[in-house]
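This report concerns only the one structure given below.
Worth saying up front: this structure is predicted, and the values here are computed from it rather than measured.
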Amino acid sequence: MNTALVGMTAGMVLGFAGYFGGFWAFLLVAALGAVGFVVGRFLEGDLEPGDFFRSRGERRR
């Protein structure tokens with residue numbers, strides 16, 4: 001699945017949540033989507049836990 005299709009699907013889900021559930025449902029779906037994105041990146045190996053705790057100036061080894 002390409003990124004344009006994933007983005008379109010996420011936008012539609014957020015739109016439906018906002019329309020049918022209100023603002024708080026929109027925020028809940030957006031927050032859970034962000035958590036799912038980060039967990040997915042961890043599982044794929046694209047992120048490491050240390051990436052959140054390193055300073056920007058520090059180089060990767």
Could you work out the complete set of other residues in the hydrophobic cluster of W24, with links drawn between I, L, V, M, F, W and Y side chains under 4.5 Å apart? V13, L14, F23, F26, L27, V29
Keeping to residues at least two apart or across chains, list the salt bridge (charged side-chain N to carboxylate O under 4.0 Å, His left out) pairs with something in residues 6-19. none
Mind checking what makes side-chain contact (heavy atoms from CB on, under 4.5 Å) contact with V6, not counting sequence neighbours? M1
Do any pairs count as a salt bridge (charged side-chain N to carboxylate O under 4.0 Å, His left out) and have a residue in residues 21-43, sequence neighbours left out, and if so which ones? R41-D46
Using links of under 4.5 Å between side-chain heavy atoms of ILVMFWY residues, direct or through other members, which residues join V39 in one cluster? V35, L43
Pairs touching residues 9-25 that satisfy salt bridge (charged side-chain N to carboxylate O under 4.0 Å, His left out), sequence neighbours left out: none
In the hydrophobic clustering (ILVMFWY, side-chain contacts below 4.5 Å, transitive), which residues join L28, or is it alone? L32
Output all residues satisfying side-chain contact (heavy atoms from CB on, under 4.5 Å) with F42, sequence neighbours left out; order by chain, then residue number. V38, L47, P49, F52
In short, A17 meets A25 closest at the heavy-atom pair O-CB, 3.7 Å
Salt bridge (charged side-chain N to carboxylate O under 4.0 Å, His left out): pairs with one or both residues in residues 2-28, sequence neighbours excluded: none
